[in-house]
Amino acid sequence: MQQIHSINSSAPASSAAPLSSSAFTQVKWMTCLMFFVFAMTTDAVGVIIPQVVAQFQLSLTEAAAFHYVPMLFIGLSGLFLGRYADKFGRKKVILAGLALYAIACVAFIFGESFIFYLLLLGVSGLSIGLFKTGALALVGDVSLMLTATPD
């Protein structure tokens, strides 16, 4: 069986500790679950927009902000914060993104205004962009290790 190395830091694979088969399986499942959370939340926004329009008496442009604000922040965080996965390590960036996402989700309980919800959707987009960028970098690292020829 080909040896798999840990990607816990930004160190090259040749100097990292070996990653067990069960740990590798855990990385695959966690990555899958992260993308499931991302897909579930971005798809759910479209379903709640009519209810938000009715509750806050929004225009169609304001209602559309519920979808484009998180997407904008996902894109921007991927572009401008992706380097932190290299600087601090994939695991730390993924965990920071998930923690920020959890905080934003809990904060929705305390909201009562359109602007507050829009701000939280921006924070959610930022956090999704963080963990998505870290996870994609992790997937790339694992793919490189699996296709690399042993020395």
Side-chain angles (χ1 to χ4, degrees), residues 4-13 16 19 21-148:
I4 303 169
H5 294 82
S6 174
I7 320 166
N8 213 6
S9 66
S10 59
L19 185 65
S21 179
S22 64
F24 179 66
T25 301
Q26 183 182 10
V27 167
K28 288 193 302 186
W29 274 106
M30 292 303 292
T31 303
C32 179
L33 289 172
M34 283 187 295
F35 282 104
F36 174 74
V37 167
F38 164 68
M40 188 174 60
T41 55
T42 55
D43 291 345
V45 168
V47 175
I48 65 167
I49 287 177
Q51 294 170 357
V52 172
V53 168
Q55 183 174 348
F56 293 109
Q57 289 97 33
L58 302 177
S59 70
L60 292 178
T61 303
E62 291 169 324
F66 258 68
H67 189 67
Y68 70 73
V69 165
M71 294 301 156
L72 177 69
F73 278 90
I74 289 169
L76 291 175
S77 64
L79 287 172
F80 298 108
L81 302 178
R83 66 175 181 245
Y84 292 123
D86 294 328
K87 186 175 182 179
F88 299 114
R90 294 3 175 182
K91 182 178 178 181
K92 288 180 183 177
V93 168
I94 291 169
L95 290 175
L98 290 172
L100 184 61
Y101 185 77
I103 291 167
C105 287
V106 169
F108 273 97
I109 296 169
F110 305 106
E112 294 183 12
S113 72
F114 170 71
I115 296 298
F116 184 75
Y117 288 133
L118 204 57
L119 175 70
L120 288 176
L121 286 169
V123 172
S124 296
L126 177 80
S127 62
I128 289 170
L130 274 174
F131 75 69
K132 185 178 177 184
T133 303
L136 288 173
L138 183 64
V139 168
D141 290 346
V142 169
S143 296
L144 284 175
M145 282 186 248
L146 292 175
T147 59

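Quick caveat, the model's predicted, so the values are computed rather than measured.
- Between Ile94 and Phe131, the shortest heavy-atom distance links the atoms O-CB, 3.7 Å.
- Partners of Tyr84 by side-chain contact (heavy atoms from CB on, under 4.5 Å), not counting sequence neighbours, listed by chain and number: Leu81, Lys87, Phe88, Val93.
- For Ile103, the side-chain contact (heavy atoms from CB on, under 4.5 Å) criterion is met by no residue, not counting sequence neighbours.
- The shortest heavy-atom contact between Glu62 and Gln57 is OE1-O, 4.5 Å.
- For Ala99, there are no side-chain contact (heavy atoms from CB on, under 4.5 Å) partners, not counting sequence neighbours.
- Looking at every heavy atom in both residues, Arg90 comes nearest to Ala137 through NE-CB, 3.4 Å.
- Under the ring pair (Phe, Tyr, Trp, His ring centres under 6.0 Å) criterion, Phe73 pairs with no residue at all, not counting sequence neighbours.
- Here the straight-line distance linking atom CG of Leu95 with atom CG of Leu100 works out to 12.5 Å at 0.5 Å rounding.
- Atom CD1 of Ile49 sits about 10.0 Å away from atom CG of Leu60, to the nearest 0.5 Å.
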Which donor-acceptor pairs under 3.5 Å do the side chains of residues 113-130 make with protein atoms, sequence neighbours left out?
{"from": "Ser113", "atom 1": "OG", "to": "Phe116", "atom 2": "N", "distance (Å)": "3.2"}
{"from": "Tyr117", "atom 1": "OH", "to": "Gly111", "atom 2": "O", "distance (Å)": "2.8"}
{"from": "Ser124", "atom 1": "OG", "to": "Leu120", "atom 2": "O", "distance (Å)": "2.9"}
{"from": "Ser127", "atom 1": "OG", "to": "Val123", "atom 2": "O", "distance (Å)": "3.3"}
{"from": "Ser127", "atom 1": "OG", "to": "Ser124", "atom 2": "O", "distance (Å)": "2.8"}

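- Applying the ring pair (Phe, Tyr, Trp, His ring centres under 6.0 Å) test to Tyr68 and every residue at least two apart in sequence or in another chain returns nothing.
- The CZ atom of Phe56 sits 8.5 Å away from the CD atom of Glu112 when rounded to the nearest 0.5 Å.
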